[in-house]
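See structure below.
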2 protein chains.
Amino acid sequence: MRIGELAAVTGTTAKTLRFYESAGLIPPPHRSPNGYREYSDDMVSRLDFVRRGQSAGLSLAQIAEILHLRDEGRSPCAHVETLLAERLEELDRQISDLLELRETVAKLHESSRSPDSSLCRPDQVCRYI
Amino acid sequence: MRIGELAAVTGTTAKTLRFYESAGLIPPPHRSPNGYREYSDDMVSRLDFVRRGQSAGLSLAQIAEILHLRDEGRSPCAHVETLLAERLEELDRQISDLLELRETVAKLHESSRSPDSSLCRPDQVCRYI
DNA sequence: ATGAACCTTCCAGTAAGATGGAAGGTCAAG
DNA sequence: CTTGACCTTCCATCTTACTGGAAGGTTCAT
């Protein structure tokens, strides 16, 4: 199948697939005599894996690592477990950071809703922040 | 005060201050005869405001908007309230997205911890993702 | 007079994941 | 024969908030 069809099947674009190739996520495919990329069917599942990896919050670089392990015939299981554990820790950090920020912003917003603009003095930028 | 001193006082760098000037966050200051930037003391509070705005999760562009309103002599209160409300909505969206993602990743990670590698088949990239 | 510590401008690059466009080749249908 | 839908490469751009470095001017202490 050619790049446009593969893109349609996997819900992405030809542009993105060429980018994925340059990023090492998919191997350079065979070329037809006219120079067109010609993909085999198993690229579909590989790209599905990429999409699932992204849904799991992994970066393309991490997804590429996993794929490369597999390409070398090695089982990526242990590495995947590590990546997922790290991602989980990072998510917990991000979430608690955002919750803290949310509290800060909520307080600022609450105070900004009291329409007591007499307290708004020109010698400061904004009393709410 | 010169740029290095202002940077030290406000906890940033001369490089960043020049960048802030180019981004319209601080006005171009007077220059000494030798061409050095010469800042007045009220730049300190302006930069403190920038830092507080960032702590509230506002972008430099949003902070610049607020400062420009104030620079025009207009009260930014109403605009600030809108910005904070939008930021709060966005934070809620981000947080719930991350919580959802955390659930997904936690499940994947849990299943990846069962060391049943007999299920790891070479014809798929990784059964965990 | 010389070295350190400032300052200046300008240009380039970083992360991440694409996206847009130019200029051109290929192929099938009408 | 031409139109339209594909495909190719390469280069530039987007976002955000800086950061690095080159090449050079200024000031102060020793």
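Numbered from 1 within each chain, the chains take letters A, B, ... in sequence-line order.
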What is the separation between atom CZ on B:R37 and atom P on D:dT27, rounded to the nearest whole Å? 16 Å

So, OP1 or OP2 of C:dT19: does either fall under 4.0 Å of a side-chain N or O from A:T16? yes

At their closest point, which heavy atom of B:R46 faces which heavy atom of B:I26, and how far apart are they? NE-CA, 3.9 Å

With respect to the phosphate group of D:dC18, does any side-chain polar atom (N or O) of B:Q54 fall under 4.0 Å of OP1 or OP2? yes

Can you find an N or O donor on one side and an acceptor on the other, under 3.5 Å apart, linking the side chain of A:K15 with the base of C:dG17? no

Locate the shortest heavy-atom distance separating A:I63 from A:V50; write the atom from each residue and the value. CD1-O, 3.5 Å

Under a 4.5 Å cut-off applied to non-hydrogen side-chain atoms, are B:L47 and B:Y20 in contact? yes

Test item: B:L108 and A:R52 side chains (from C-beta on) under 4.5 Å apart, heavy atoms: no

Give the rounded distance in Å between these two atoms: CD1 of A:I63 and P of C:dG17. 8 Å

Over how many whole Å does the gap from B:E38 atom CD to D:dT27 atom P extend? 12 Å

Rounded off to whole Å, could you give me the CG-to-P distance for the A:L17 and D:dC6 pair? 15 Å

Does the side chain of A:F19 come within less than 4.5 Å of A:E21's, by heavy atoms? no

Please state how far atom CZ in A:R18 lies from atom C1' in C:dA22, giving the value in whole angstrom units. 14 Å

Any A:R31 side-chain N or O less than 4.0 Å from OP1/OP2 of D:dT9: yes

Got a list of protein N/O to nucleotides 26-29 of chain C N/O distances below 3.5 Å?
unit_1, atom_1, unit_2, atom_2, d
C:dT26, O4', A:Y36, OH, 3.2
C:dC27, OP1, A:N34, ND2, 3.3

What nucleic acid atoms does A:S32 come within less than 4.0 Å of, heavy atoms only: base, sugar-phosphate, or nothing? nothing

I'd like to know if the side chain of A:E81 reaches the main chain of B:H109, judged simply by a donor and an acceptor atom lying under 3.5 Å from each other, with no hydrogens or angles considered. no

Whole-Å distance separating the OH atom of B:Y39 from the C1' atom of C:dC6: 14 Å

Could you state the CZ-P distance from A:F19 to C:dG21, rounded to the nearest angstrom? 18 Å

Tell me: CD of B:E21 to C1' of D:dA17, nearest whole Å? 16 Å

In terms of side-chain geometry, is the basic nitrogen of A:E90 or A:R87 positioned less than 4.0 Å from the acidic oxygen of its partner? yes

Reading DNA chain D from 5' onward, which residue's closest nucleotide shows up sooner: A:A14 or B:A61? A:A14

